[in-house]
Protein chains: 2
Amino acid sequence: MVMVHPVANAKANHVFRALADPTRRAIFENLSRRGEQTVHSLTRHAGVSQPAVSKHLTVLKRARLVRHRREGRETHYRADADALAPMVNWLEQYGAFWRERFERLEGLLERMDG
Amino acid sequence: MVMVHPVANAKANHVFRALADPTRRAIFENLSRRGEQTVHSLTRHAGVSQPAVSKHLTVLKRARLVRHRREGRETHYRADADALAPMVNWLEQYGAFWRERFERLEGLLERMDG
DNA sequence: ATGAACCATAACCATATGGTTATGAATTGT
DNA sequence: ACAATTCATAACCATATGGTTATGGTTCAT
């Protein structure tokens, strides 16, 4: 059990900020549900212009929430759920009710596989 | 297992927005760790002015992340971790890696007390 | 070769955001 | 009664944010 000092955690900050915007969250949700997509495809469902989508993707990229892959003239983006870890860790620390539930299960697992 | 349409979830929106700011997150962390506190007490650890703290508390209040109780001239605030549920639910849906971990533990619990 | 498609960036704009100081209302202490 | 404490709100300000249109560089199709 690692104890994290409440001092500004840069990684967590990026993730929290990135997911604060509903349009950005929708883009991430889209990538999570329907898998890898081009900017063009994302734009069609985003409700905002292509440059806006590109900028949102840049923010998600800085938070490591998405990765990209160039293929010819199109860029394919995919969600990287592992980058949610800082947010999950934060909830583990400060979400008391939820933490209890989690730790109860955690302890149970440990007792199981010895 | 409830399926939530990705349409703007107002509750989740408030929670995500409220926790996006590091100062606000620090205030919530403070309340979670040290329990109920007055605005004055919170201000001493916040690094910003008292009015700034009050405004942050208003935002947290709208997200239901804190509750308050007037007692004479001071207002006592406390964290309400249950309000984190929308964020946890969102992670359950879109945090693939984490979801697996969670469901594995969830299933284990069911088999135990089943 | 030329035009269309795809994407990122630049330039710009309106509004939101997070901070400040000033102030006032209510409560407490002297 | 009067001064001090606590808190919220008002007024204000600088900057961040999220959107737009314009543009240019690649890549693909014809």
Side-chain angles (χ1 to χ4, degrees), chain A residues 6-10 12-31 34-79, chain B residues 6 8 10 12-31 34-79:
Chain A
V7 161
N9 179 340
N13 242 306
H14 282 135
V15 176
F16 275 96
R17 295 292 292 268
L19 295 177
D21 181 74
T23 302
R24 218 142 47 212
R25 218 160 50 243
I27 290 174
F28 182 83
E29 291 170 7
N30 191 340
L31 289 171
R34 326 191 357 159
E36 191 178 80
Q37 279 172 80
T38 67
V39 175
H40 188 65
S41 165
L42 288 170
T43 299
R44 274 167 33 224
H45 302 91
V48 293
S49 68
Q50 173 267 311
V53 172
S54 277
K55 291 210 291 183
H56 283 307
L57 287 168
T58 298
V59 174
L60 290 169
K61 225 183 320 181
R62 264 188 293 148
R64 309 285 177 190
L65 285 164
V66 298
R67 299 195 172 286
H68 66 286
R69 166 176 73 83
R70 293 291 308 276
E71 187 176 332
R73 61 183 163 180
E74 47 196 7
T75 312
H76 297 259
Y77 281 87
R78 63 180 185 287
Chain B
N13 242 306
H14 281 135
V15 175
F16 276 95
R17 294 293 291 269
L19 295 177
D21 181 74
T23 302
R24 218 142 45 210
R25 218 159 50 243
I27 290 174
F28 182 83
E29 291 169 9
N30 192 341
L31 289 171
R34 328 192 355 160
E36 191 179 80
Q37 279 172 80
T38 67
V39 175
H40 187 67
S41 165
L42 288 169
T43 299
R44 275 167 31 225
H45 302 91
V48 293
S49 67
Q50 173 267 311
V53 172
S54 276
K55 291 209 290 183
H56 282 307
L57 287 169
T58 299
V59 175
L60 290 169
K61 224 182 320 180
R62 263 187 293 147
R64 309 284 177 190
L65 285 164
V66 298
R67 299 195 172 284
H68 67 287
R69 168 176 72 83
R70 294 289 309 275
E71 187 175 333
R73 62 182 163 183
E74 47 196 8
T75 312
H76 297 259
Y77 281 86
R78 63 181 186 285

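Residue numbers start from 1 in every chain, and the chains themselves are labelled A, B, ... in the order their sequence lines are given, proteins ahead of strands.
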Nearest whole Å is fine: how far is [N] [atom2] from [X] [atom1]?
X	N	atom1	atom2	result
A:Arg24	C:dA16	CZ	P	16 Å
A:Tyr77	C:dC6	OH	P	15 Å
A:His76	C:dA5	NE2	P	17 Å
B:Ile27	C:dG19	CD1	C1'	13 Å

Please state whether the phosphate of D:dT6, meaning OP1 or OP2, lies under 4.0 angstrom from any side-chain nitrogen or oxygen of B:Thr75.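 B:Thr75 to D:dT6 OP1/OP2: no side-chain N or O under 4.0 Å.
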Notebook entry, point to check: To the nearest 0.5 Å, what is the distance between NE2 (B:His76) and CD (B:Glu36)?
Noted result: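 Result: 6.0 Å between the selected atoms.
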* To the nearest 0.5 Å, how far apart are CG in A:Asn9 and CZ in A:Phe16? ->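 So the CG of A:Asn9 and the CZ of A:Phe16 are separated by 9.0 Å.
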In residues 40-48 of chain A, what donor-acceptor pairs under 3.5 Å come from side-chain atoms, sequence neighbours left out?
{"unit_1": "A:Ser41", "atom_1": "OG", "unit_2": "A:Gln37", "atom_2": "OE1", "d": "2.7"}
{"unit_1": "A:Thr43", "atom_1": "OG1", "unit_2": "A:Val39", "atom_2": "O", "d": "2.8"}
{"unit_1": "A:His45", "atom_1": "ND1", "unit_2": "A:Ser41", "atom_2": "O", "d": "3.1"}
{"unit_1": "A:His45", "atom_1": "NE2", "unit_2": "A:Arg34", "atom_2": "NH2", "d": "3.4"}

For this session: Taking the side chain as every heavy atom from C-beta outward, state whether A:Asn13 and B:Arg25 have any atom pair closer than 4.5 Å.
Result: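 Contact flag for A:Asn13/B:Arg25 side chains = yes.
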- Query: B:Leu31 versus B:Leu60: any side-chain heavy-atom pair under 4.5 Å?
  - Reply: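 Counting from C-beta outward, B:Leu31 and B:Leu60 never come under 4.5 Å.
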5' to 3', nucleotides 24-30 of chain D under a 4.0 Å protein heavy-atom cut-off (B base, S sugar-phosphate only, - none) gives ---BS--
List the steps, then state whether side chain to side chain contact (heavy atoms under 4.5 Å, CB included) holds for A:Leu57 with A:His68.
CA-CA 9 Å; A:Leu57 287 168; A:His68 66 286; over 6 Å; no
| said: Just to be sure I understand the geometry, which residues of residues 38-63 of chain A put a non-hydrogen atom under 4.0 Å away from DNA chain C? | reply: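 Within residues 38-63 of chain A, the residues near DNA chain C are A:Thr38, A:Val39, A:His40, A:Gln50, A:Pro51, A:Ser54.
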For residues A:Ala63 and A:His14, report the shortest heavy-atom separation together with the two atoms involved.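 Closest heavy-atom pair between A:Ala63 and A:His14: CB-O, 3.7 Å.
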- Message: I'd like to know if the side chain of B:Arg67 and the backbone of B:Arg78 have a donor-acceptor N/O pair within less than 3.5 Å.
- Response: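 Between the backbone of B:Arg78 and the side chain of B:Arg67 there is no qualifying donor-acceptor contact (under 3.5 Å).
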